[in-house]
Amino acid sequence: MIDFLRSWVTNIAVVIVFITLLEILMPNGDMKRYTKVISGLIIILVIIKPFMMLKDIDKDFKLSVFETSAFIETNIDNKGNDLGKYNKSIAADMFRDNLKKQIVSHISSSCDVKKEELAVEVVIEADAASSGYGNLKEIVVTVAKGTDSSIQVSNISQVKISTDKKVMNENKPEYNLNDSKLSKDIKSSIKSYLGLNEEAITVKIQE
Amino acid sequence: MDIMKITLIGIVAAILAVILRQYKPEIAIHVSIVTGLMIFIFMLTKLNSVITVLKHFASKANIDMLYFTTILKVIAIAYITEFGAQVCRDAGEGAIASKIEFSGKILIMIISIPILAALLDIIVKLIP
């Protein structure tokens, strides 16, 4: 609670100082009133931020901003088909990039892989005319292991052979020749995260 | 001493324009437009560095880039509009100047309406 209050108060203070700074930059004259309206709106937004978090409409807010701006942009000229297509391709690119980032951060948080080692390729339906526009087709995750170039010799801990338990020690590297556990982990985490078929996910591990 | 340069350019151009106006008024207008452009472009490069610093500062302070870019766009539109309108007004074309200002206002509105609409949306959603 205190943390949240602190961040809220600092945010308000920073934004107000920031807008005061920017107000020096603003031109004099008639246009100043208009710029002031916008800065006022932004201050209001910063102040009501806790209420936005209350109902988790923060995401809705951004969505509606994009929706409205897209609506305005596509309506600017009646012959805006080209513009619309262009916007759609930009939207597809943005969607793909955001998805990549999300997948990378999700994998790095749920599996034992660093962000730098991951490369994600996402194939989506890019044909705007088809009905499944924007659907995910395929995800290829490439893990480039050992990019930090130091070859580590894994310590083999004392091997105990017990007869009563049949435990496959999955986490030990010697059982993991092709990193099959890692790729399985990544696959299942993407599957549960995005609700995708496992056939559409490919994991490549490079040593 | 950039301010010296700019002031000197301005004073020289003003004297030139005043002298030229008696003989050839149309060339005096050219002089004033070119001077305005020179100073504007000269300052634009400086403004660029200020904005880069502000951008860095904004990303450090965790301000949402959506808001930041909106404010910057509005300021840029306001500047350009003001500049164009003043040049036209100097040339004695008050009507064109007011049209430029009008279009600038509409463009600012187009940028700000998404935020306004989203704000209204929030207000409507907050009240159950």
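Quick caveat, the model's predicted, so the values are computed rather than measured. For the numbers below, each heavy atom of this structure counts, side chains included, while hydrogens, waters and symmetry mates do not.
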Could you tell me if the side chain of B:Leu119 sits less than 4.5 Å from the side chain of A:Ile48, heavy atoms only?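 Yes; the side chains approach each other to less than 4.5 Å.
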Engaged part of B:Leu47 at the chain A interface, taking heavy atoms whose separation is under 4.5 Å: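 Contact with chain A involves the side chain of B:Leu47 alone.
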Part of B:Thr81 within contact of chain A (heavy atom distance under 4.5 Å):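 Only the side chain of B:Thr81 comes within 4.5 Å of chain A.
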Between NZ on residue A:Lys32 and CD on residue B:Glu82, distance to nearest 0.5 Å: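 These two atoms lie 10.5 Å from each other.
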Got a sec: does the [atom1] of [X] have more than 12 other heavy atoms crowding it under 6.0 Å?
X: B:Phe102; atom1: CZ; value: no
X: A:Lys100; atom1: NZ; value: yes
X: B:Lys105; atom1: NZ; value: yes

Let's test your reading of the structure: which of A:Leu21, A:Ile19, A:Ile38 forms the most heavy-atom pairs below 4.5 Å with chain B?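 The option with the most such pairs is A:Ile38.
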Which of these, B:Val74, B:Ile71, B:Ile77, sits in a side-chain contact (heavy atoms from CB on, under 4.5 Å) with A:Thr35?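 With A:Thr35 as partner, side-chain contact (heavy atoms from CB on, under 4.5 Å) holds for just one option, B:Val74.
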Over all heavy atoms of both residues, which pair between A:Leu41 and B:Ser112 is shortest? Give the atoms and the distance, please. CD1-O, 4.5 Å
